[in-house]
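Notes follow the structure.
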Amino acid sequence: MSSNQQQVRVPFCPSAQPGMANCQVLGVLTECEEGPRLSYLNERLAVTDEVLAMAAPAKPTKVFRFAATCEESKCTHFDGHDCQLAERSFKLCRR
Ligand code: SF4
């Protein structure tokens, strides 16, 4: 198995925070009349201090949506096998 195939198997956290391993910007939030709208980037963008500074004066988490390597047992949403946050989100999407 190549290293690329191994990377695909590692769960990516859709609720990541800057500072998590392999953190990348997935999208940018903008305010619309209907509320916040998320526009996904066409390419993944690595999180750097320069990227985070672009959110100023807002907090980066108010402007960007991040993804990162799942922290598994370090995270309260991990049940030992799966991410329960993702499970709950998936169930809500199927309603
Ligand atoms: S278990 Fe935690 S770190 Fe992993 S994907 Fe879920 S919320 Fe993110």
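For ligands, and for the atoms within them, numbers begin at 1 and follow the listed sequence.
Closest protein heavy atom to atom 3 (S) of ligand 1: Glu71 N, 3.3 Å. Among protein heavy atoms, atom 8 (Fe) of ligand 1 sits closest to Cys13 SG, 2.2 Å. Protein heavy atom at the shortest distance from atom 6 (Fe) of ligand 1 is Cys83 SG, 2.2 Å.
The option with the heavy atom closest to atom 2 (Fe) of ligand 1, from among Ala21, Cys75, Ala86, is Cys75.
Note that Arg44 lies in the cation-pi zone of Phe12, set by a 6.0 Å cut-off to the ring centre and a 45° limit from the axis.
Between the side chain of Asp82 and the backbone N or O of Gln84 there is no donor-acceptor pair closer than 3.5 Å.
Counting only heavy atoms from C-beta outward, the side chains of Met20 and Cys13 approach each other to under 4.5 Å. Leu38 is listed as a side-chain neighbour of Leu29, based on a closest heavy-atom distance under 4.5 Å. Under the 4.5 Å side-chain criterion, counting only non-hydrogen atoms from C-beta, Val47 is in contact with Val25.
Proximity of Cys70 to ligand 1, defined as any heavy-atom pair under 4.0 Å, is shared by backbone and side chain alike.
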